[in-house]
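Taking it in order: structure first as structure tokens, then the write-up.
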Amino acid sequence: MGGLERVLTRNVGIPNSERISVYLERGGYTALRKALQMSSDELISAVKQSGLRGRGGAGFPAGLKWGFMPKDPVTKYVCVNTDEGEPGTFKDRLLVEHDPHSIIEGVIIAAYAVGASRAFVYIRGEFFLGVKRWIKAIDDAYARGFLGKNILGSGFDLDLSVHRGAGAYICGEETALINSLEGKRGEPRIKPPYPAQIGFWNQPTLVHNVETLANVPHIVNRGADWFKSIGTERSTGTKLFCISGHVRRPGNYELPLGVPLRTIFEDYAGGMRGDRPLKAVIPGGASTPMLVPEQLDTPMDFESLIAAGSMLGTGAIMVIEEGTCMVEVARRLMAFFAHESCGQCTPCRVGTVRLHEILTGILAGEGTSTDIESMEEICAGIAGNTLCPMGDAAINPVLSSLSHFRDEYEHHIAHKRCKEVQ
Ligand SMILES: Cc1cc2nc3c(=O)[nH]c(=O)nc-3n(C[C@H](O)[C@H](O)[C@H](O)COP(=O)(O)O)c2cc1C
Ligand code: SF4
């Protein structure tokens, strides 16, 4: 797939790409000028027609979400979700550090389209460089008249500021993010109502992932048809795939949605790092069920991954080689979810801790014949019974490793040692 155009990462690798002067030299903020000449309806319709879907994990159509924002002249907000907490995901950081103005331009266009005059960046506390880059880029955008009052003489006002999170994964969930931004505990709210109806300070709020917003200037500049010509019919545009684990060249690769997993793994990431063959792939971040080598030709788009029994999630691909204990993989992921559960729902709060205890016991040679059944029961108790999608996500590592590698669990329990790691 050589010669493919990089859209979102077109500035990555250019010296000082984070500077406003470089962004402007490379055609930056032309989409904003164009957007300010368009009506709100025209912009919303362009984003709808482009087929752009959210890149934060759920894949919800962006234009539809813009359309859900009420037209009334009430106070409205935009939030830029820069929490990027999903294990295996490191794509938003790339854009924030190397091309923050492309995101800012997307934020201003989105805010103008939905009639918001206040926007926030919510960034995870660990992104030190990202925070600096955001603040500098926002200051420079104010100085050039792209933010603040009467942007480029259009009469449209927008203020944008940065809010640092304190390291909780759950604050990436949009309603927990809003609570945290309001100074409350970062706990998800019951949905509906969705943030587009009742969000920050109970006002309509558009929450978008960094990568989603970075697509917006390109759609405005080049049109919905151009955007739709990339990817598949229902998964349009390019995607930043972050690949990590036992591969030769881990990193971020921008490719059209629908690219086969095999292409990313072999042609871009260079295949396995050593002599051991591939054992499993987690295709879209820790929350997504794993795939096995026979599924390597799965196209990386929203629909194909669901058909394959998994999800595109954030596009974070984690590659696992033969010789890796899958019970240990499940335990490590469960340690993450048990630690990150916000604790509001009993099935998630207690279930994740209990699953972690059982997995730890199995690995310590203390497994019992009822452990697998108990884990399945706990997972069934969590599935669909929690307030936010994290409950369903947390059980995926256990259920998918059990479905593909049940023999390893059984071996651990029967022989008190690992089948793989001798
Ligand atoms: C537990 C959990 C964590 C999440 N973390 C993030 C995150 O770090 N970044 C993100 O953009 N979306 C995250 N999301 C998804 C957001 O709730 C929301 O769907 C997204 O920000 C919407 O933006 P999009 O439509 O552009 O994808 C998370 C969801 C859940 C359930
Ligand atoms: S599912 Fe878990 S993380 Fe989500 S609200 Fe319930 S307890 Fe919190």
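For Ser154 (side chain) and Ile151 (main-chain N/O), a donor-acceptor pair under 3.5 Å exists by modelled atom type. Formation of a donor-acceptor pair under 3.5 Å by the Glu105 side chain with backbone atoms of Gly28 is not found in this model. Remark: the backbone N or O of Gly186 is not paired with any side-chain donor or acceptor of Asn179 at under 3.5 angstrom. Judged by distance alone, with hydrogens and angles left aside, the side-chain atoms of Ser310 form a donor-acceptor pair with the main-chain N or O of Pro289 at under 3.5 Å. Under a 3.5 Å cut-off, the side chain of Gln344 and the backbone N or O of Pro188 do form a donor-acceptor pair. Judged by distance alone, with hydrogens and angles left aside, the side-chain atoms of Gln197 form no donor-acceptor pair with the main-chain N or O of Pro204 at under 3.5 Å. Using a distance-only test at 3.5 Å, with no hydrogens or angles considered, a donor-acceptor pair links the side chain of Asn81 to the main chain of Gly172. The backbone N or O of Gly54 lies less than 3.5 Å from no partner atom in the side chain of Thr212, so there is not a single donor-acceptor pair. Between the side chain of Thr9 and the backbone N or O of Arg6 there is no donor-acceptor pair closer than 3.5 Å. His404 places a side-chain N or O within donor-acceptor distance of the main-chain N or O of Met290, the cut-off being under 3.5 Å.
Applying the side chain to side chain donor-acceptor pair (under 3.5 Å) test to residues at least two apart or on different chains, the pairs with a partner in residues 350-360 are Arg331-His356, Arg354-Glu357. Screening residues 382-402 for side chain to side chain donor-acceptor pair (under 3.5 Å) gives Ser401-Tyr409 as the qualifying pairs, with residues at least two apart or on separate chains. Here ring pair (Phe, Tyr, Trp, His ring centres under 6.0 Å) pairs that include residues 233-264, with residues two or more places apart or in two chains, are Tyr253-Tyr268.
Residues Ile320 and Leu278 come closest through the heavy atom pair O-CD1, 3.6 Å. In terms of heavy-atom proximity, Ser39 sits nearest to Glu42 at N-OE1, 2.8 Å. Of all non-hydrogen atoms in Cys171 and Ala176, the two that sit nearest each other are CA-CB, 4.1 Å. Here the shortest heavy-atom pairing between Glu187 and Cys342 reads CG-SG, 4.1 Å. Here the closest non-hydrogen pair linking Ala113 and Ile44 is O-CD1, 3.9 Å. Across Met272 and Phe265, no two heavy atoms sit closer than the pair SD-CZ, 3.4 Å.
The existence of a salt bridge linking Lys228 and Glu233 is excluded, since no basic side-chain nitrogen approaches an acidic carboxylate oxygen closer than 4.0 Å. Ion pairing between a basic and an acidic side chain is recognised when a charged N comes within 4.0 Å of a carboxylate O; Arg189 and Glu173 show no such pairing. Between Glu86 and Arg124, no side-chain nitrogen of the basic residue sits less than 4.0 Å from a carboxylate oxygen of the acidic one, so the salt-bridge criterion is not met. A salt bridge does not link Glu254 to Arg55: none of the charged side-chain nitrogens sits closer than 4.0 Å to a carboxylate oxygen. Using a cut-off of 4.0 Å between Lys/Arg side-chain N and Asp/Glu carboxylate O, Glu174 and Lys191 are scored as salt-bridged. Salt-bridge check for Arg262 with Asp297: passed, with a basic side-chain N closer than 4.0 Å to an acidic carboxylate O.
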**Request:** Quick one: do Lys71 and Asp41 satisfy salt bridge (charged side-chain N to carboxylate O under 4.0 Å, His left out)? Show the steps, please.
**Result:** CA-CA 10 Å; Lys71 296 274 177 212; Asp41 285 344; 3.0 Å; yes
**Check against side chain to side chain contact (heavy atoms under 4.5 Å, CB included), Asn252 and Phe90** = CA-CA 8 Å; Asn252 272 305; Phe90 42 87; 3.5 Å; yes
**Item:** side chain to side chain donor-acceptor pair (under 3.5 Å) between Asp83 and Tyr169, intermediate numbers included
**Value:** CA-CA 8 Å; Asp83 204 54; Tyr169 167 66; over 6 Å; no
**Request:** Could you give me the CA-CA distance, side-chain angles and deciding distance for Glu408 and Lys279, then say whether salt bridge (charged side-chain N to carboxylate O under 4.0 Å, His left out) is met?
**Result:** CA-CA 13 Å; Glu408 284 189 35; Lys279 181 168 186 178; 2.5 Å; yes
**Message:** Pair Arg234, Asp301 - check salt bridge (charged side-chain N to carboxylate O under 4.0 Å, His left out), show working.
**Reply:** CA-CA 8 Å; Arg234 292 177 59 202; Asp301 58 66; over 6 Å; no
**salt bridge (charged side-chain N to carboxylate O under 4.0 Å, His left out) evaluation trace for Glu5 with Arg222** = CA-CA 13 Å; Glu5 184 189 348; Arg222 301 173 75 173; 2.6 Å; yes
**Prompt:** Given Arg53 and Thr236, is the side chain to side chain donor-acceptor pair (under 3.5 Å) satisfied, shown in steps?
**Reply:** CA-CA 8 Å; Arg53 292 170 67 171; Thr236 55; over 6 Å; no
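Atom CG of Asp275 has 12 or fewer heavy atoms from other residues, nucleotides or ligands within 6.0 Å. Under a cut-off of 6.0 angstrom, the local environment of NZ in Lys149 is sparse, with at most 12 non-hydrogen atoms contributed by other residues, nucleotides or ligands. Under a cut-off of 6.0 angstrom, the local environment of CZ in Arg185 is sparse, with at most 12 non-hydrogen atoms contributed by other residues, nucleotides or ligands. Residue Arg349 qualifies as enclosed at atom CZ: its count of foreign heavy atoms under 6.0 Å is above 12. No more than 12 heavy-atom neighbours from other residues, nucleotides or ligands sit within 6.0 angstrom of CZ on Arg332. Crowding of Lys184 atom NZ: a count of heavy atoms from other residues, nucleotides or ligands under 6.0 Å exceeding 12.
When the options Val96, Thr82, Asp92 are evaluated for a side chain to side chain contact (heavy atoms under 4.5 Å, CB included) with Ile103, the one that passes is Val96. Tested against Glu211 for a side chain to side chain contact (heavy atoms under 4.5 Å, CB included), the candidates Leu8, Leu94, Thr314, Thr238 yield a single pass: Leu8.
The distance from the SG atom of Cys379 to the CG atom of Leu399 is 4.0 Å, given to the nearest 0.5 Å. Note that CG of Asp99 and CG of Asn11 are 4.0 Å apart. Values are rounded to the nearest 0.5 Å. Atom NZ of Lys91 sits about 7.0 Å away from atom OG1 of Thr89, to the nearest 0.5 Å. The CZ atom of Arg144 sits 13.0 Å away from the CG atom of Asp139 when rounded to the nearest 0.5 Å. Residue Met375 holds its CE atom at 7.0 Å from CG of Leu355, rounded to the nearest 0.5 Å. The line from CG of Asn215 to CG of Leu213 is 9.0 Å long, rounded to the nearest 0.5 Å.
The aromatic rings of Tyr112 and Phe156 sit perpendicular to each other, their planes meeting at more than 60°, with 30° as the lower class boundary.
For Tyr194 and Phe68, the ring centers sit 6.0 Å or farther from each other. Checked against a 6.0 Å centroid threshold, the rings of His101 and Tyr29 count as neighbours. For His163 and Tyr122, the gap between ring centers is short of 6.0 Å.
Cation-pi contact between Arg26 and Tyr23: absent, since separation from the ring centre below 6.0 Å together with deviation from the ring axis within 45° is not met.
Contact of the Ile358 side chain with the Ile378 side chain is registered, since non-hydrogen atoms from C-beta on lie closer than 4.5 Å.
Between the side chains of Ser117 and Asp159, no donor-acceptor pair is found at a separation under 3.5 Å.
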